[in-house]
Number of protein chains: 2
Amino acid sequence: MNEILAPPSPARTLAEQVYEALKADLLAGLLPAGAPLLTRDLLDRYGCGVSPLREALARLVGEGMLEATGHRGVRAPTPSVADVEDVYRIRIALEREALTLAMAHGDDSWEAAILAAAHRMERAPLPEPVPDKITAVSEWERRHRTFHASLIAAAPAPRLLRLIDKMVDQTERYRALRLARTEQGKLTRDIVTEHRALAEAVIRRDAIAPRLLAEHLAHTRDAVVAFLQG
Amino acid sequence: MNEILAPPSPARTLAEQVYEALKADLLAGLLPAGAPLLTRDLLDRYGCGVSPLREALARLVGEGMLEATGHRGVRAPTPSVADVEDVYRIRIALEREALTLAMAHGDDSWEAAILAAAHRMERAPLPEPVPDKITAVSEWERRHRTFHASLIAAAPAPRLLRLIDKMVDQTERYRALRLARTEQGKLTRDIVTEHRALAEAVIRRDAIAPRLLAEHLAHTRDAVVAFLQG
DNA sequence: CGTGTCAATATTTTCCAAAATCTTTTTTAG
DNA sequence: CTAAAAAAGATTTTGGAAAATATTGACACG
């Protein structure tokens with residue numbers, strides 16, 4: 001086997017690892033929002049020196065995942081209804097655009113990937129919402145995200161796709177809320193139907209597909225908002 | 001005068017200052033794109049220690065302004081036609097959304113601010129394009145940016161506005177190209193007309209305003225693309 | 001009892017040198 | 001002479017101690 005062909009840069013730096021761990025914890029809601037994050041605690045939690053930690057934090061600040069203030073450290077922004085609406089508005093605008101592009105450029109293998117992702121999602125059991133408890137990311141959720149990514153994967157617009165990924169990350173913070181507080185039976189039927197209709201419309205290049213996607217996202221947003229307010 | 005009412009956090013950290021200087025230099029095209037940025041040079045240029053510099057770099061990486069690779073430092077991404085189209089596509093989608101929102105929520109003082117910004121822009125002399133030379137940001141350009149910001153300022157969506165600001169930053173990198181390579185006479189007339197029509201449509205809440213804005217941005221994009229290809 | 005000042009403490013930020021990694025040059029083997 | 005291996009040099013990355021700033025608590029004063 002030729003080693004030259006191996007990925008040229010598996011040399012992950014400590015700061016990157018801390019960045020990823022921190023981001024994952026942030027998205028999972030494992031770090032308190034609103035209150036400042038104590039350097040000492042984080043140092044302890046991720047077992048590294050000051051430099052890698054601060055670099056990871058700075059990068060997350062750049063991504064808008066954390067807020068930094070003068071000499072007062074960083075903190076995770078507190079969730080709010082207005083923020084949910086803000087984020088979903090951006091997601092809808094961007095994903096519409098990306099889907100339109102993908103439908104214009106996608107080829108056979110793109111279509112196949114969508115069908116495969118849809119099938120994998122349908123076969124995974126829907127996660128059971130447990131009140132007041134932070135549960136791990138379920139297999140269904142992972143596949144759900146993969147499905148949505150597959151829809152727009154054919155868009156020749158790297159920045160757009162990266163940006164969407166970042167916005168999806170932001171909505172992940174509300175993950176625990178997403179499936180909760182709804183009648184289980186009705187919910188699952190709607191979700192499965194919505195996704196299937198969406199995938200089919202996309203593949204047959206139906207012009208209503210972007211609108212279906214926008215409506216799908218709006219429904220999710222409404223569910224999250226309803227939960228936050230209830 | 002009550003000192004308490006002063007901004008609570010004027011305590012700017014060194015890393016923040018370096019971040020701002022670095023970002024400004026990047027947008028002005030003063031740092032070589034494509035090639036890795038040497039730590040030693042930057043340390044020298046901004047006159048600070050390793051930590052603040054690295055923090056500033058990490059933050060810019062988070063913002064997508066720089067690319068980082070393993071143990072091989074950071075570099076400014078090289079401009080390309082595909083990237084211009086990518087960025088403008090995002091800008092158009094987001095600014096359309098923001099303008100629609102602003103038109104729904106804007107009040108009298110918002111309208112007044114638009115008119116004021118438009119007037120200030122019209123009164124500033126258009127910048128003279130100088131071939132193959134990096135010129136400082138002109139007064140007209142500053143006012144032009146302010147005008148565009150004023151259009152969407154009334155949108156109650158802080159994230160959306162921040163994101164747009166970031167995308168405008170990205171297009172700033174192509175600033176030097178924006179007004180170049182066009183007949184001066186024709187150019188000025190079109191630009192002035194486009195802006196005036198846009199401002200008026202926005203204020204009278206004409207539903208075509210978002211489309212006008214999209215077309216205006218598309219024109220700018222086409223000019224930049226034409227320049228890059230010519 | 002409230003209020004402002006000052007010291008004590010805690011936390012963040014910065015510098016700097018050691019460690020790790022990458023790049024270039026030199027050496028060695030085929 | 002070519003290609004792999006080793007060494008030397010340059011650059012990035014990291015840990016920890018010192019400096020700067022913010023926060024808390026004690027104390028004096030009105």
Side-chain angles (χ1 to χ4, degrees), chain A residues 1-23 25-26 31-62 65-77, chain B residues 1-23 25-26 31-62 65-77:
Chain A
M1 196 62 87
N2 197 338
E3 302 290 356
I4 297 281
L5 294 179
S9 166
R12 300 220 334 202
T13 181
L14 225 183
E16 281 178 64
Q17 293 171 263
V18 174
Y19 158 78
E20 281 162 23
L22 201 40
K23 183 170 177 176
D25 287 349
L26 234 27
L31 296 171
L37 299 176
L38 276 294
T39 302
R40 198 162 33 75
D41 296 345
L42 298 176
L43 244 42
D44 190 46
R45 181 182 246 259
Y46 301 105
C48 68
V50 186
S51 314
L53 175 69
R54 292 202 117 238
E55 246 165 81
L57 291 174
R59 192 157 160 192
L60 288 166
V61 168
M65 211 113 185
L66 289 175
E67 291 170 352
T69 332
H71 281 256
R72 256 164 281 186
V74 300
R75 59 175 200 179
Chain B
M1 196 65 84
N2 197 339
E3 302 290 357
I4 298 283
L5 294 179
S9 163
R12 300 223 328 207
T13 181
L14 225 183
E16 281 178 65
Q17 292 170 264
V18 174
Y19 158 78
E20 281 163 23
L22 201 40
K23 183 171 178 175
D25 288 349
L26 234 27
L31 296 172
L37 299 175
L38 276 296
T39 302
R40 198 160 35 74
D41 296 346
L42 298 176
L43 244 44
D44 189 46
R45 181 182 246 259
Y46 301 104
C48 68
V50 185
S51 313
L53 175 68
R54 292 200 118 239
E55 247 165 82
L57 291 174
R59 191 157 158 192
L60 288 166
V61 168
M65 211 111 184
L66 290 175
E67 290 170 354
T69 331
H71 280 256
R72 256 164 282 187
V74 301
R75 61 177 197 176

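Everything numeric here is computed off the predicted structure, so don't read it as measured data. Chain identifiers are assigned alphabetically (A, B, ...) following the order of the sequence lines, protein sequences preceding nucleic acid strands; residue numbering begins at 1 within each chain.
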- Set of salt bridge (Lys or Arg N to Asp or Glu O under 4.0 Å) partners for E20(B), sequence neighbours left out: R12(B)
- Within this structure, what is the CZ-to-C1' distance between R72(B) and dT24(C), rounded to whole angstrom? 14 Å
- Note on the structure: Sorted by chain and number, sequence neighbours left out, salt bridge (Lys or Arg N to Asp or Glu O under 4.0 Å) with R54(A) holds for E55(B)
- Quick one: list whatever passes salt bridge (Lys or Arg N to Asp or Glu O under 4.0 Å) with E67(A), sequence neighbours left out. R75(A)
- Task: Can you spot which of D25(A), L22(A), V18(A) makes a side-chain contact (heavy atoms from CB on, under 4.5 Å) with R45(A)?
- Result: D25(A)
- If the sugar-phosphate is the primed atoms plus P, OP1 and OP2 and the base is the rest, what is the B/S/- string for nucleotides 14-21 of chain C, using protein heavy atoms under 4.0 Å? BBB----S
- Between dT14(D) atom C1' and Y46(A) atom OH, what is the distance in whole Å? 19 Å
- Where G70(A) and E16(B) come nearest, the two heavy atoms and their spacing: CA-OE2, 4.0 Å
- L57(A) side chain reached by L42(A) side chain, heavy atoms, under 4.5 Å: yes
- Note on the structure: Contact check, residues 34-42 of chain A vs DNA chain C, heavy-atom distance under 4.0 Å, returns L37(A), L38(A), T39(A), R40(A)
- Query: Checking side-chain contact (heavy atoms from CB on, under 4.5 Å) for the pair L60(B)/V74(B): CA distance, chi angles, key distance, verdict?
  - Reply: CA-CA 10 Å; L60(B) 288 166; V74(B) 301; over 6 Å; no
- Item | d(CG, D44(A); P, dG15(D)) in whole Å | 14 Å
- Residue pairs passing the salt bridge (charged side-chain N to carboxylate O under 4.0 Å, His left out) test with at least one member in residues 33-44 of chain A, sequence neighbours excluded, are none
- Item | Value in whole Å for how far the C1' atom of dT13(C) lies from CG of L53(B) | 15 Å
